[in-house]
Each structure stands twice: as structure tokens, then as C-alpha cells.
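Reading through the C-alpha cells given below for one structure.
Positions are given from 1, in the same order as the sequence printed here. Computed from a predicted model, the values in this text were never measured in an experiment. Heavy atoms only: backbone and side chains are in, while hydrogens, waters and symmetry mates are out.
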Amino acid sequence: MHGYTPEELLRLRVTDLDVPEDAARVPERMRELLARGEARFAVHHRRKDGSVFPVEVSAKLGVVGGRRCAVSFNRDVSVEVQTKQVLQEGRLRLSMAAKAGNIGFWDWDLQTNAVYYSPEWKAQIGHAEDEVSPHYREWESRVHPEDLPGALAAVRAHLDGQTLGLDFEFRLRHKDGSYRHIHARGQLSRDLAGRPIRMLGCHVDITAARQAAAHRAEFDRRVEQMQRLEAIGTLSGGIAHDFNNILTVISGHTQLALGQTSAGDDLRDSLTEIVKASDRARMLVRQILTFGRRQDPQRTPVRLQDVVAEAISFLRATIPAAVCFHVDLPEDLPPVLGDPTQLHQVLVNLATNSWHALDGRGGNICFQAAGIRVAPGDAGRALGVAAGSYVCLTVEDDGRGMDEATRSRIFEPFFTTKPVGQGTGLGLSVVHGTVQSHGGSIAVTSQPGHGTAVRMLLPAATTAPQRNRPRPEPARGHGQRVLLVDDEPEILKVVGRLLQAHGYQVTATSQAREARQMVAADPGRFAMVLTDHEMPGTTGLELAVALRALAPALQVVLCSGYLRPEVVAAAACHGIAGVLAKPVEIDELANLVPLYVAGA
């Protein structure tokens with residue numbers, strides 16, 4: 001063991017074998033041996049070759065040949081020490097891995113129902129070592145009541161041999177009262193007779209993963225909504241252009257027909273209704289552009305009394321007489337700063353939702369408003385608006401109401417409680433976006449069976465609304481030449497007739513190249529050019545720049561169903577005379593064209 005021969009050992013003292021630290025303790029150990037008659041201790045010996053190894057020493061006093069002596073037995077415990085070190089390192093690694101992976105171990109004795117819960121298991125649910133007793137009931141009592149039946153069923157299935165192992169998820173109560181999401185795995189052990197005697201397993205806390213998955217799902221949902229909104233925004237420009245072209249044809253021909261009728265003519269009433277419907281359609285297109293963030297609201301002082309009255313008049317055409325409208329707007333109500341068209345659409349949307357909430361029966365829809373002042377200290381409590389003067393406008397019904405889960409989602413794009421095909425879920429999203437774009441805020445209160453109230457704060461205007469004044473009779477043309485450029489033949493026809501009816505000579509073309517050729521051939525021929533912006537192969541802005549290069553004094557007006565703000569800005573930078581939005585109204589056209597012609 002030491003590498004010495006017996007003769008060599010006999011010439012050595014005990015201290016010659018001990019390492020220095022142990023050699024220094026020999027006197028102490030001898031005193032212990034003499035006092036107790038025996039001693040057992042661990043030391044490190046040095047072999048003949050200089051290597052050191054652990055030794056277990058057992059010494060005892062005795063008498064040999066009438067002489068008192070000490071007999072000791074030395075045992076090399078290198079293997080035991082190495083094994084113990086390996087086990088300790090393994091336990092340490094396992095403990096570190098359990099902590100790093102948030103894994104708790106358990107060992108269930110099925111004969112006694114005693115359970116060993118590891119420190120990590122207890123820490124998962126916020127408990128110290130001595131706060132959880134080693135009993136099965138400690139686990140069962142902490143499982144969420146909704147999850148307990150499923151957890152017990154999984155354990156029973158494994159005990160009955162229906163599954164190869166435990167593998168299920170449940171919620172476990174934390175010391176602070178919250179619940180942690182746990183993924184449990186386990187394996188059953190049986191005795192020689194096949195009886196289950198023990199189950200060993202682990203708990204993995206997957207709460208963070210569950211929360212991350214929920215956040216990811218919410219993020220993905222928001223990204224999807226943003227993508228859908230972006231798609232709507234992209235699509236809205238094309239819709240506006242094409243739809244306003246159609247409205248220009250409808251509205252233009254109707255206005256021409258109106259000019260051929262007289263007061264009291266039954267046909268005149270029908271044509272007037274067509275013009276009104278065209279105006280509503282134009283408002284709807286503007287609303288789509290605003291929803292797609294492609295058109296800024298045009299804010300002016302607005303009397304809410306007028307907007308509410310107009311909205312009710314519009315709604316009466318579709319809402320049954322059994323639904324009663326109640327209006328409580330004081331005459332001295334301050335005007336609000338807003339876009340009258342968008343505010344009209346807000347009220348129509350809200351009132352339509354209220355009507356649907358009445359489920360086809362009679363009921364009440366109420367409009368109420370009052371002026372309020374939000375002080376700087378109250379801004380945070382007043383729905384997040386800035387300090388200032390506001391008008392609180394409320395639309396309330398006594399319909400079926402809604403629960404909290406529904407109320408919390410009503411402003412989400414595409415969220416609707418209506419069946420497929422009966423709602424897009426965009427109406428209230430538009431309302432929310434419109435109110436926010438006006439610098440206001442909106443809140444909803446509702447309870448099932450007790451109706452719904454929508455309260456909006458809208459900034460009050462500091463100036464009074466302008467009264468509508470009769471438009472002066474537009475100046476007529478005197479044969480000035482106007483060049484029309486549009487890729488839609490129907491537009492050329494109706495706008496050409498409108499201009500001719502007001503005394504202008506009109507030349508129309510659907511080709512931008514032909515327009516350039518005509519101006520190049522005779523730069524002074526035309527007093528004004530009215531061109532569409534969106535055309536195949538070019539744009540109205542590019543055409544306008546080219547025409548003004550040929551005839552610098554030529555007045556060019558862009559006309560389109562949808563002119564982006566950046567195009568309007570670029571038109572001003574290039575000296576374009578003006579822009580005109582489709583659908584073209586005869587009065588607007590008749591009042592604007594003389595201004596451009598006069599500037600030629």
C-alpha cells in the first residue's frame with residue numbers, strides 16, 4: 001500500500017508516513033487514544049514514490065506479551081473518496097441544472113403517501129425548505145381547482161398502465177396566491193409482483209414560456225392587424241380614385257339634368273335625391289381615406305346641433321319609427337373643432353350600433369352634450385386628454401348591452417359580434433381613430449341588459465362657426481378654350497358638358513402625349529388645362545410640368561379622385577394653378593374655373 005518493504009517500514013516512524021499537516025496532529029491523536037482506549041480518524045499518507053493517498057486509521061490500545069501497546073489498522077480509501085467526490089460533483093451539477101432549468105424533483109412513496117419534494121420544487125412556488133411537509137396532500141391541495149380533475153386522471157392512467165409515463169400540464173398555487181404553470185413528468189416503479197410502489201418525477205415551471213407565448217401571440221395579432229390596416233390604406237387610394245370617377249359621372253350628369261328642370265317638377269326631386277346620395281358616397285370615400293391615414297381631417301368650428309340633426313335625418317331613412325331619438329343639446333353649447341363630415345360619420349356609426357343593440361324591437365337612442373373644462377391637474381383622469389375646453393358628447397341606448405370581454409375589444413379593427421357577412425368590424429375602429437385624430441378621447445360603459453353609453457370628449461373651438469352664405473352666381477365663360485385630359489371617356493364627356501354649359505370651349509383627349517402635341521403646336525391656344533392625375537404611363541403632375549415648359553403662362557389644374565398630400569405639395573412647388581377633387585360639383589367647377597382662366 002505504501003510501497004515499502006516490511007524492513008523499511010520498521011525503520012520508519014508514524015510521522016514519516018503522514019503528510020506534514022497530519023504529522024503535526026499525532027500528539028493530539030495519541031492523547032485521544034490513551035484517554036479513550038481507541039481512536040478512528042482519516043489522514044493522508046505519503047508513499048515511497050512521494051504520491052499522497054487517503055487512509056482510514058483505526059487504532060486501539062492493548063497488551064502484548066505483558067507490555068501495553070497500540071495496534072492500528074490502515075486502510076486505503078482512495079476508491080471510496082473518489083467515488084464520494086464523483087457523487088458530490090454529480091449532485092452539485094444536478095442541483096445547478098435543476099436551478100438553471102427551474103426544475104423541481106419529487107419522489108412519491110405509494111405505500112405511505114410520503115413525498116420527497118426537492119428544494120427547487122419548493123422554491124418554484126415560493127416556499128422555504130421547512131414550509132412544505134413531505135406529504136402527498138401538499139401537492140394536491142395546491143393544484144388549481146380547474147386543473148385538478150385532469151391532473152388526477154393523468155396520474156391514475158399511468159398507475160393503471162394506460163400510459164408509459166406521466167406527461168401533463170397544470171397550474172400550481174404559489175405562496176403569494178398566484179398560480180404557476182407547471183409541466184410535470186414522471187415514471188412509475190413496481191415491485192417483483194408488479195405492484196406500484198414508487199413514482200419519481202419532476203416539475204418544470206413553464207410560466208415564463210407561457211407568458212412569452214401569449215405575448216408573442218398578441219404581437220403577431222397586432223402585426224397582422226397592422227398589415228391588414230396597411231393593406232386597407234394602400235387599397236383605399238385606388239378605391240377613392242375609381243369610386244370618385246364613377247361618382248363624377250353620376251353626379252355630373254345628374255347636375256346637368258337638374259339644370260334642365262324647373263321648381264315643382266317631380267323629376268327634380270328625384271334628381272336632387274341622387275345628388276344627396278352622391279354626396280354621402282363622397283363622404284364615405286373620405287372616411288375610408290381617413291381610416292387608411294391617407295387624408296387629414298379638415299377641422300373647422302362645427303355646431304354639434306347641426307351635425308346631430310343631420311345625422312338623425314339621415315338615419316331616419318333606414319331606422320324604424322319604433323326607435324325614438326332623443327336630443328339634449330343646449331343652444332349655448334360651444335362649437336367643436338372638427339371635420340363635419342367625419343363627425344357626421346361618427347354619429348351615424350354609433351347610432352347604427354345602438355339600433356342593432358335593440359335587436360329589432362323599439363327603444364331609445366339619446367344624444368346628449370355639455371361643455372366641460374379639463375384643468376391641468378385633471379388631464380390624466382379625464383381619459384388622457386390635454387388640459388383645455390371640451391364638449392362631452394354622449395350617444396346612449398337602452399339595448400342589450402355587452403359584457404366586459406366584448407366591451408374591451410369593440411374598438412379593435414375587424415372585431416365584430418355580428419355573424420359572418422353582416423359586419424366588417426371597421427365601424428367602431430373608424431370612430432375611435434376619428435375621435436383621437438381630433439385630439440379627443442372616447443370611453444364606453446355598458447352592462448348586459450342595461451344598454452350602452454359612448455362618451456366622447458371633443459376639443460371646443462375658440463371661434464364661432466361660419467354661417468353658410470348663398471354662393472354668388474358663378475361667372476360664365478366667354479368662349480375661352482379649356483383642354484381636358486383624362487383616361488376615362490365618361491369623365492371627359494360629363495365634365496366637358498358641364499364646362500360647355502358655362503360658356504367654355506372644350507377640347508378633350510384621353511392621351512397625355514396628344515395633349516403635349518396640341519400645346520406644342522400652339523402654346524397660346526388654351527387658357528387652362530384640367531388634367532387627371534392618375535393616368536396610364538404618366539401622371540397629371542408630370543404632364544403639367546411638361547406643358548408649362550412648353551407654355552409657361554398656361555394654367556394647369558390637377559383633378560383626381562384621390563390626390564395624396566405629397567402630390568398636392570409637389571404641385572404647389574411646380575407652379576400648378578390648383579387641385580380639384582372628384583367627384584366634380586357643378587357649382588365648385590363653375591366658381592373655380594373662371595379664377596384659373598382669368599389668371600391666364
State which residues pass ring pair (Phe, Tyr, Trp, His ring centres under 6.0 Å) with [X]; sequence neighbours excluded, sorted by chain then number.
X: F168; answer: F170
X: Y4; answer: none
X: Y117; answer: W121

request  = If a pair satisfies ring pair (Phe, Tyr, Trp, His ring centres under 6.0 Å) and one of its residues is in residues 49-83, list it, with sequence neighbours excluded.
outcome  =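 Passing the test, one end in residues 49-83: H2-F53.
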
Quick one: side-chain contact (heavy atoms from CB on, under 4.5 Å) partners of [X], sequence neighbours excluded?
X: H44; answer: V19, D22, V52, P54
X: S58; answer: R40
X: P459; answer: Y390
X: A208; answer: none

What are the two closest non-hydrogen atoms of [X] and [Y], and how far apart are they?
X: A369; Y: L393; value: CB-CD1, 4.0 Å
X: A39; Y: L33; value: N-CD1, 3.9 Å
X: V385; Y: G439; value: CG1-O, 4.4 Å
X: Q187; Y: G165; value: OE1-CA, 4.0 Å
X: D76; Y: E80; value: O-OE1, 4.0 Å
X: P20; Y: R46; value: CD-NH2, 3.9 Å

Okay, side chain of [X], backbone of [Y]: is any donor-acceptor separation there less than 3.5 Å?
X: H438; Y: G440; value: no
X: Q111; Y: P196; value: yes
X: S178; Y: H174; value: no
X: S446; Y: G451; value: yes
X: E131; Y: A128; value: yes
X: T406; Y: M402; value: no

Is the closest basic N to carboxylate O distance between [X] and [Y] below 4.0 Å?
X: R198; Y: D109; result: no
X: R29; Y: E32; result: no
X: D403; Y: R407; result: no
X: K122; Y: E138; result: no
X: R137; Y: E140; result: no
X: R210; Y: D205; result: no

Taking the side chain as every heavy atom from C-beta outward, state whether [X] and [Y] have any atom pair closer than 4.5 Å.
X: R455; Y: T445; value: yes
X: Q124; Y: H203; value: yes
X: W108; Y: L110; value: yes
X: T394; Y: C392; value: yes
X: L343; Y: L458; value: yes
X: M456; Y: V346; value: yes
X: H144; Y: R173; value: no
X: V395; Y: S354; value: yes

request  = Determine whether the side chains of H45 and D18 contain a donor N or O and an acceptor N or O closer than 3.5 Å.
outcome  =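 Yes, because at least one side-chain N or O of H45 sits under 3.5 Å from a partner of the opposite role on D18.
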
message = Quick one about W355 and D397 (side-chain donor to acceptor, distance below 3.5 Å, no hydrogens or angles considered), yes or no?
response =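 On atom types as modelled, these side chains do not qualify, holding no pair under 3.5 Å.
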
[atom1]/[X] to [atom2]/[Y] distance, rounded to the nearest 0.5 angstrom?
X: R142; Y: L172; atom1: CZ; atom2: CG; value: 7.5 Å
X: T539; Y: H533; atom1: OG1; atom2: NE2; value: 4.5 Å
X: I365; Y: T352; atom1: CD1; atom2: OG1; value: 8.0 Å
X: S189; Y: I197; atom1: OG; atom2: CD1; value: 6.0 Å
X: L164; Y: L166; atom1: CG; atom2: CG; value: 11.0 Å
X: E56; Y: N74; atom1: CD; atom2: CG; value: 9.5 Å

Within 6.0 Å of [atom1] in [X], more than 12 heavy atoms from elsewhere:
X: R47; atom1: CZ; answer: yes
X: H135; atom1: NE2; answer: yes
X: M30; atom1: CE; answer: no

request  = Check side-chain hydrogen bond (donor to acceptor under 3.5 Å, both in side chains) between S141 and all other residues, then give those that pass, not counting sequence neighbours.
outcome  =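 Result, side-chain hydrogen bond (donor to acceptor under 3.5 Å, both in side chains) vs S141: none returned.
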
request  = Write out all pairs satisfying side chain to side chain donor-acceptor pair (under 3.5 Å) with one or both partners inside residues 62-72, taking only residues at least two apart or from two chains.
outcome  =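 Every candidate side chain to side chain donor-acceptor pair (under 3.5 Å) pair involving residues 62-72 fails, so no pair, neighbours aside, qualifies.
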
Below 3.5 Å, can you tabulate the donor-acceptor pairs from side chains in residues 151-161 to any protein atom, sequence neighbours excluded?
| unit_1 | atom_1 | unit_2 | atom_2 | d |
| --- | --- | --- | --- | --- |
| R156 | NH1 | D160 | OD1 | 3.4 |
| H158 | ND1 | T163 | O | 3.0 |
| H158 | NE2 | L188 | N | 3.1 |

task = Please assess V55 against V77 for the test side-chain contact (heavy atoms from CB on, under 4.5 Å), listing each intermediate value before the final yes or no.
result = CA-CA 6 Å; V55 175; V77 292; 5.8 Å; no

Which residues share a salt bridge (charged side-chain N to carboxylate O under 4.0 Å, His left out) with K48, sequence neighbours left out =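 Listed in chain order: E8.
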
Derivation and outcome, side-chain contact (heavy atoms from CB on, under 4.5 Å), residues V71 and K60 = CA-CA 5 Å; V71 179; K60 192 169 185 179; 5.5 Å; no

inquiry  = Assess the residue pair I372 and L457 against the criterion (side-chain contact (heavy atoms from CB on, under 4.5 Å)); give the C-alpha distance rounded to whole Å, side-chain angles, the decisive distance to 0.1 Å, and a yes or no.
reply    = CA-CA 9 Å; I372 66 170; L457 288 185; 3.3 Å; yes

key: Q368/E396 under side-chain contact (heavy atoms from CB on, under 4.5 Å): CA gap, chis, key distance, verdict   = CA-CA 8 Å; Q368 298 174 314; E396 187 172 6; 4.0 Å; yes

